[in-house]
2 protein chains.
Amino acid sequence: MLSVDEVLEQLKERGYRRTPQRECIVGILWESGVPLSAREVHERVRATFPHVSLDTVYRNLELLREAGLVSQINLQSRESARFELLKGEHHHHLVCLECGESVCLPACPVDLHELERRHAGEFTVINHAFELYGYCKSCRS
Amino acid sequence: MLSVDEVLEQLKERGYRRTPQRECIVGILWESGVPLSAREVHERVRATFPHVSLDTVYRNLELLREAGLVSQINLQSRESARFELLKGEHHHHLVCLECGESVCLPACPVDLHELERRHAGEFTVINHAFELYGYCKSCRS
DNA sequence: ATCGGTGCAAACCATTTGCACGTTA
DNA sequence: TAACGTGCAAATGGTTTGCACCGAT
């Protein structure tokens, strides 16, 4: 379970600098339990740094994604991508088709090693995505 | 396992008309084993109907998706969506991060009923998405 | 004769990029 | 002070929409 400082430390090890904007963006992602869109991150960052631009948010999210510290989620929805800080535990989400809110699934239902083994011949598996779609308590009427 | 005609028949039952463009788009999706982007569908349709517009392709793909006859796959990257005709069998894909090509997984690795049961209280599960990402034989060097 | 479907062009919207300046190491 | 990071504005690219005409039922 990584802390905000540990995340920033990992960035530093990769040669990235520590800036107030970057700290704030990581902090926002850290605090929020659920995946956020770039726009949502931007709005929250602006509460502290009103001058921060949306491009900076995008650039930092991309950078965090490349560093493997953030996962980007955009399967099967035409909406904007959502980003989540990976604090360590591997998991997936239940996504509400109505309000877009997402809930964490307690565990990964997939035996990745088994799948990797099965396809080792033709494919090198790097990553996977799994999402459940449906309606949350307040949206199913 | 649905045929092209059966797909068009299902559309008719929902009040949609049978047009040459629509027939052709369904035919293209049918022939292609792999998911295609809207642009790819457009290019292939144009081989037969040079005048067809990209918007028509999008409108028909959306219509087929709404009718539950096509599944939309958004790769974990920011590339364009891909669309696949559902001929009946439920399955998922292995997607190459380099060339974008996808391979069908033989089976669904998820016990959906189990998951539905587990979350029945707070969530009504409608659908799910699962994708493996990695590198295919020719792209991993 | 209707009303859905289509083509065209313009609009939209999330995301990306070029550039000049400010900041971190 | 040398890159890196940021803000701004403009570009990009996939997808959607308004509108007038065409064609299937």
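Throughout, protein chains are lettered first and strands after them, A, B, ... in sequence-line order, and every chain is numbered starting at 1.
The nearest whole Å value for the distance from the CZ atom in A:Arg65 to the C1' atom in C:dT16 is 13 Å. Between A:Arg82 atom CZ and C:dT15 atom C1' there is a gap of 16 Å when expressed in whole angstrom units. Put simply, CG on B:Leu54 is 14 Å from P on D:dG13, counting in whole angstrom units. Per the geometry, CZ belonging to A:Arg59 stands 11 Å off C1' belonging to C:dT15, to the nearest Å. Between the P atom of C:dA14 and the CD atom of A:Gln72 lies a distance of 14 Å, rounded to the nearest Å. Counting to the nearest Å, the C1' atom of D:dG14 and the CD1 atom of B:Ile73 are 17 Å from each other. Summarising the geometry, the separation between CD on B:Glu62 and C1' on D:dT16 is reported as 10 Å, rounded to the nearest angstrom. When the P atom of D:dT6 is taken as reference, atom CG of A:Leu63 falls 9 Å away, rounded to whole Å.
Counting only heavy atoms from C-beta on, B:Tyr58 has its side chain closest to D:dT16 among D:dT16, C:dG5, C:dC19. When distances are taken from the side chain of B:Ala38 to each of C:dC19, C:dG7, D:dT15, the shortest belongs to D:dT15. Which of C:dA14, C:dG7, D:dG7 sits closest to the side chain of A:Ser80 comes down to C:dA14. In this structure, of D:dG14, D:dG7, D:dC19, it is D:dG14 that holds the atom nearest to the side chain of B:Arg39. Ranking C:dT6, D:dT16, C:dT15 by closeness to the B:Asn60 side chain, first place goes to C:dT6.
Contacts between residues 3-35 of chain A and DNA chain C, defined by a heavy-atom separation under 4.0 Å, are made by A:Arg17, A:Arg18.
Between the side chain of B:Asp55 and the base of C:dA10, no donor-acceptor pair under 3.5 Å is found.
Between the CD1 atom in A:Ile25 and the CZ atom in A:Phe49 there is a gap of 9.5 Å [rounded to 0.5 Å].
Contact check on B:Asp5 versus B:Arg18 returns a salt bridge, with a Lys/Arg side-chain nitrogen under 4.0 Å from an Asp/Glu carboxylate oxygen. With respect to A:Arg82 and A:Glu40, a salt bridge is recorded, a charged nitrogen being found less than 4.0 Å from a carboxylate O. Under the 4.0 Å criterion applied to side-chain N and carboxylate O atoms, B:Glu43 and B:Arg39 are not assigned as salt-bridge partners.
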- Task: May I have the step-by-step check of side-chain contact (heavy atoms from CB on, under 4.5 Å) for A:Leu36 and A:Ile28, ending in yes or no?
- Result: CA-CA 9 Å; A:Leu36 300 174; A:Ile28 297 291; 3.9 Å; yes

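Distances shorter than 4.0 Å separate none of the side-chain N or O atoms of B:Thr56 from OP1 or OP2 on C:dT6. An OP1 or OP2 oxygen of D:dG7 is reached within less than 4.0 angstrom by a side-chain nitrogen or oxygen of A:His51.
In this structure, B:His128 has its ring center under 6.0 Å from that of B:His92.
When all heavy atoms of B:Ala129 and A:Tyr133 are compared, the pair lying nearest together is CB-CE1, 3.7 Å.
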